[in-house]
Amino acid sequence: MTRRPRPHRRGPLWPSWLLALLLLPGLAAAMPYVPPSYTAEYQASKMGLSVMARITLSREGEYLRYRAQLRPTGVLSWVLSDEIIEQSIFRITPAGLQSLEYLYRHMSDDRKRLTESRFDWERGEVRGTRNGRSFSLEIPPHAVDRFTLQLSMIQALVEGQDRFSRTIVDKDRITTYHFQVGAAQRIDTPVGRVEAIPVIRHIEDRDTTVSTWFAPRLNYLPVRLEQMQGDERLVLNLRALEWHDTGE
């Protein structure tokens with residue numbers, strides 16, 4: 001099995017005490033890879049209408065915050081006030097990425113959708129509310145929330161896997177996604193031409209294919225997300241990227 005290229009790190013990533021810990025025999029190789037802190041902007045356009053997504057990964061002590069804000073831009077913003085916030089707080093463990101809190105909020109003039117959940121790994125359960133209704137679920141081993149999933153997918157690429165599955169807590173239910181990894185290819189994006197690896201998920205009952213392209217030389221950040229539903233195609237491209245120099 002061919003191993004994927006190792007990510008290119010920019011600046012110090014871990015505090016000195018954690019580096020010392022990771023150098024203990026047998027532990028360093030077990031810790032999953034997560035990109036350095038960054039802010040990225042993505043844009044999708046269709047029929048002259050545009051949507052902007054701003055995604056930030058930041059480190060806060062032993063925890064990481066992964067946050068996305070999605071909003072219409074241009075002419076579309078004149079008629080729609082929608083804003084979507086999705087956020088995960090998680091930590092890195094030898095067993096994988098461990099979700100701790102999840103938030104999804106969709107605000108518009110005529111409706112509000114809200115999901116909040118907390119993960120209790122000692123009890124093996126996740127509790128939360130979705131649109132005012134409480135729920136409680138047993139957490140399967142190694143499950144992540146649906147937003148942390150994107151970072152969890154990176155580890156499969158670093159390990160050189162061609163197919164893999166991930167169990168996720170998708171708002172108020174448990175589900176498993178299956179992925180296929182395609183061959184690396186050079187693609188054109190607003191930030192230039194990059195080599196990227198496509199990860200593909202087919203959703204048979206909705207006649208939908210979701211593909212995400214990860215760029216190894218950009219620390220495996222997603223540079224393109226594409227959804228094909230029947231004959232409809234929606235593409236979200238990376239248009240700006242900033243690495244954070246936080247002294248980690």
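If you read the sequence from its start, that first residue is 1, and numbering goes on from there.
Dense packing is recorded around CG of Asp205, with more than 12 heavy atoms of other residues, nucleotides or ligands lying under 6.0 Å away.
Looking at Ser152, its side chain never comes within 3.5 Å of a backbone N or O of Gln150 through a donor-acceptor pair. Counting only distance, with no hydrogens or angles, the side chain of Tyr63 and the backbone of Leu100 share no donor-acceptor pair below 3.5 Å. Without hydrogens or angle criteria, Thr189 side chain to Gly192 main chain gives a donor-acceptor distance under 3.5 Å.
Side-chain contact check for Thr212 versus Pro198: every heavy-atom pair is 4.5 Å or farther apart.
When all heavy atoms are compared, the tightest approach of Tyr42 to Ala40 is CE1-CB, 3.7 Å.
Ion pair Arg233/Glu226 flagged as a salt bridge, since at least one NZ, NE, NH1 or NH2 atom sits closer than 4.0 Å to an Asp/Glu carboxylate oxygen. Using a 4.0 Å cut-off between charged side-chain N and carboxylate O, Arg146 and Glu86 make a salt bridge.
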Tabulate below the donor-acceptor pairs under 3.5 Å that side-chain atoms of residues 118-128 make, not counting sequence neighbours, or state none.
| residue | atom | partner | partner atom | Å |
| --- | --- | --- | --- | --- |
| Arg118 | NH1 | Glu101 | OE2 | 2.8 |
| Asp120 | OD1 | Glu122 | N | 3.2 |
| Asp120 | OD1 | Arg123 | N | 3.1 |
| Trp121 | NE1 | Ser99 | O | 2.7 |
| Glu125 | OE2 | Arg127 | NE | 2.9 |

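With hydrogens and angles left out, the side-chain atoms of Tyr38 and Asn219 include no donor and acceptor closer than 3.5 Å. Donor-acceptor pairing under 3.5 Å is recorded for the side chains of Thr167 and Thr176. No side-chain donor from either of Gln69 and Arg54 sits under 3.5 Å from a side-chain acceptor of the other.
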Practice task
Would you sort out whether Phe147 and Tyr66 count as a ring-ring contact (aromatic ring centres under 6.0 Å, His included), showing the intermediate values?
Solution key: CA-CA 8 Å; Phe147 194 40; Tyr66 194 40; 4.3 Å; yes

Practice task
Determine, stepwise, if the pair Ile85 / Arg67 fulfils side chain to side chain contact (heavy atoms under 4.5 Å, CB included).
Solution key: CA-CA 7 Å; Ile85 299 291; Arg67 179 181 176 87; 3.7 Å; yes

Practice task
List the steps and the verdict of side chain to side chain contact (heavy atoms under 4.5 Å, CB included) for Arg201 and Thr209.
Solution key: CA-CA 6 Å; Arg201 180 169 72 95; Thr209 299; over 6 Å; no

Practice task
Give the intermediate values and the outcome of side chain to side chain contact (heavy atoms under 4.5 Å, CB included) for residues Leu64 and Ile89.
Solution key: CA-CA 6 Å; Leu64 294 92; Ile89 297 177; over 6 Å; no

Problem - Thr175 vs Arg173, side chain to side chain contact (heavy atoms under 4.5 Å, CB included): CA-CA, chis, key distance, verdict - result: CA-CA 7 Å; Thr175 188; Arg173 65 190 181 97; 3.8 Å; yes

Exercise for the section: Test side chain to side chain donor-acceptor pair (under 3.5 Å) on Thr39 and His244 and set out the steps. Expected result: CA-CA 8 Å; Thr39 296; His244 299 171; 2.7 Å; yes

Exercise for the section: Take Glu195 and Gln185 through the test side chain to side chain donor-acceptor pair (under 3.5 Å) and record every step on the way to the result. Expected result: CA-CA 5 Å; Glu195 182 176 89; Gln185 53 190 273; over 6 Å; no

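Scanning for ring pair (Phe, Tyr, Trp, His ring centres under 6.0 Å) contacts around Tyr104 gives an empty result, with sequence neighbours left out. Legend: residues meeting salt bridge (Lys or Arg N to Asp or Glu O under 4.0 Å) with Arg239, ordered by chain and number and at least two apart, are Glu41.
Ring centroids of Phe164 and Phe179 are separated by less than 6.0 Å, placing the two rings close together.
Geometrically, Arg166 does not engage Tyr177 in a cation-pi contact, judged by NZ or CZ lying under 6.0 Å from the ring centre and within 45° of the ring axis.
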